[in-house]
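Heads up, the thing below is written out as structure tokens.
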Amino acid sequence: MWIRTRKGWEIPEREATPESAYYNRRELLTAAGLLAAPALAAPALAVAAPKRNEKYTLDRPITEEWAATGYNNYYEFNPYAKEGLAALTSEFVISPWKIEISGQVNKPQTLDLDDLLKKFPIEERLYRFRCVERWAMAVPWSGFPLSELIKLVEPKPAAKYLRFVTVNRPNQMPGMKQAPYPWPYFEGLRMDEAMNELTLLSTGIYGKPLPKQNGAPVRLVVPWKYGYKSIKSIVKIEFTSSEPPTFWNKLNAQEYGFYSNIDPKKPHPRWSQAVEQLIPSMQRKPTLLYNGYEQYVASMYKGNEF
Ligand SMILES: Nc1nc2c(c(=O)[nH]1)N[C@H]1C(S)=C(S)[C@@H](COP(=O)(O)O)O[C@H]1N2
Ligand SMILES: [Mo]
């Protein structure tokens with residue numbers, strides 16, 4: 001049973017937090033010692049910043065790091081709030097981390113994330129990112145193309161889809177006990193979508209390891225689809241022959257489809273998708289078809305997969 005709760009997107013426009021309130025909030029949090037000062041954030045980890053792949057460019061400024069790492073959707077930590085999630089992640093253990101790969105592949109295996117990261121070079125890409133609730137950002141993700149991992153495990157011809165599953169740790173993720181959702185979170189992609197050059201397995205943001213609230217230690221980034229497709233803290237990837245069920249579709253099939261490709265002309269049943277709002281200012285911008293990635297993805301679709 002799903003108890004319906006008020007979502008962020010149901011907040012009336014007039015109550016949306018204006019930019020100045022965000023800045024003030026941050027100053028207050030910093031003064032109260034609740035946000036780490038930058039100098040303390042990165043101890044002497046001599047990790048080189050990943051090299052940026054200049055192919056992927058933006059039409060807007062990069063979102064301020066504090067906003068992208070301080071305004072999140074991660075229901076396992078809190079299904080009712082987007083701010084302050086970092087403070088709820090202290091019990092969440094992200095190392096060691098294993099990913100189990102199973103199903104229709106010649107080489108099923110359980111991979112240690114550290115070993116995986118030695119196999120593939122990490123690059124940085126600037127991508128737009130758009131939540132179905134209309135908030136949007138533009139951030140430097142680091143990671144490697146999911147296609148590299150797919151090639152490693154050699155899919156069989158019967159593999160048509162990938163099913164992804166988030167870690168299931170109610171004792172480390174307090175939100176899991178706050179709402180009766182069908183945990184653990186699960187998502188899926190069609191094989192061609194998973195192989196698309198844009199689809200990243202991301203382990204970092206802003207040149208640093210992913211903060212826990214952004215999906216550490218490894219998450220998907222699928223920039224032409226609504227944000228909920230970009231599943232966080234992945235522990236399992238299964239190659240399947242039929243379309244896998246997805247978390248939000250299970251909760252509300254009328255509102256959240258399997259494809260969830262971004263289309264300004266297709267409204268959500270409860271709101272228009274014609275405009276998006278850039279965090280933290282909530283400046284409005286027209287939504288772009290496929291979030292502006294039409295040249296990379298349109299050929300995969302006949303036109304009705306939204
Ligand atoms: N496991 C898991 N993955 C998730 C979510 C979640 O609640 N749980 N939220 C999704 C939604 S709705 C969005 S918009 C993005 C937000 O990513 P961000 O917090 O890094 O901006 O994560 C997606 N991945
Ligand atoms: Mo979202």
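Numbering of ligands and ligand atoms starts at 1, following listing order. Side chains are part of it too, since the values below use all heavy atoms of this structure and drop only hydrogens, waters and symmetry mates.
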With heavy atoms under 4.0 Å as the rule, classify the contact between N214 and ligand 1 as side chain, backbone, both or neither. both

Atoms of ligand 1 under 4.0 Å from any heavy atom of C131, numbered from 1 in the order shown, are 14 (S)

Please say which of Y228, W183, F258 ends up in a ring-ring contact (aromatic ring centres under 6.0 Å, His included) with F247. W183

So for S233, does at least one of its heavy atoms come nearer than 4.0 angstrom to any atom of ligand 1? no

Does Y256 approach ligand 1 within less than 4.0 angstrom via side chain, backbone, both or neither, non-hydrogen atoms only? neither

Short question: side chain of K212, backbone of F92 - any donor-acceptor pair under 3.5 Å? yes

Kindly indicate whether a cation-pi arrangement holds for K229 with Y256, taking the cut-offs as under 6.0 Å to the six-membered ring centre and within 45° of the axis. no

Proximity of E76 to ligand 1 by residue part, where a heavy atom lies under 4.0 Å: side chain

For atom 7 (O) of ligand 1, grab the closest protein heavy atom and report residue, atom and distance to one decimal in Å. Y75 N, 2.8 Å

Heavy-atom contact under 4.0 Å between K229 and ligand 1? no

Closest protein heavy atom (residue, atom, distance) for atom 21 (O) of ligand 1: M137 CE, 3.2 Å

Look at K225 together with E193 and state whether they make a salt bridge at an N to O cut-off of under 4.0 Å. yes

What I want to find out is whether R270 reaches E255 closely enough, with some N-O distance under 4.0 Å, to be called a salt bridge. yes

Which is it for N72 and Q213 under the side chain to side chain donor-acceptor pair (under 3.5 Å) test, yes or no, and what are the steps along the way? CA-CA 7 Å; N72 304 96; Q213 66 274 20; 4.7 Å; no

Passing option when E276 is tested against R60, K285, R128 for salt bridge (charged side-chain N to carboxylate O under 4.0 Å, His left out): R60

Heavy atom of the protein closest to atom 9 (N) of ligand 1 (residue, atom name, distance): N73 O, 3.2 Å

Is it true that F247 lies under 4.0 Å from ligand 1, counting heavy atoms only? no

Got the closest protein heavy atom to atom 20 (O) of ligand 1, with its distance? R219 NH1, 2.6 Å

Contact check, E133 vs ligand 1, heavy-atom distance below 4.0 Å: no

Nearest heavy-atom contact between N73 and K232 is O-NZ, 2.7 Å

Taking heavy atoms and a distance under 4.0 Å, where does Y185 meet ligand 1: side chain, backbone, both or neither? side chain

Which bit of F129 gets closer than 4.0 Å to ligand 1, counting heavy atoms only: side chain, backbone, both or neither? side chain

Does W248 have a non-hydrogen atom less than 4.0 Å from ligand 1? no

Find the distance between OG (S242) and CZ (R163) and round it off to the nearest 0.5 Å. 10.5 Å

For atom 18 (P) of ligand 1, which protein heavy atom lies nearest, and how many Å away is it? K232 NZ, 3.4 Å

Shared hydrophobic cluster for L278 and L126 (ILVMFWY, side-chain gaps under 4.5 Å): no

Short N or O distance, Y71 and ligand 1, threshold 3.5 Å exclusive: no

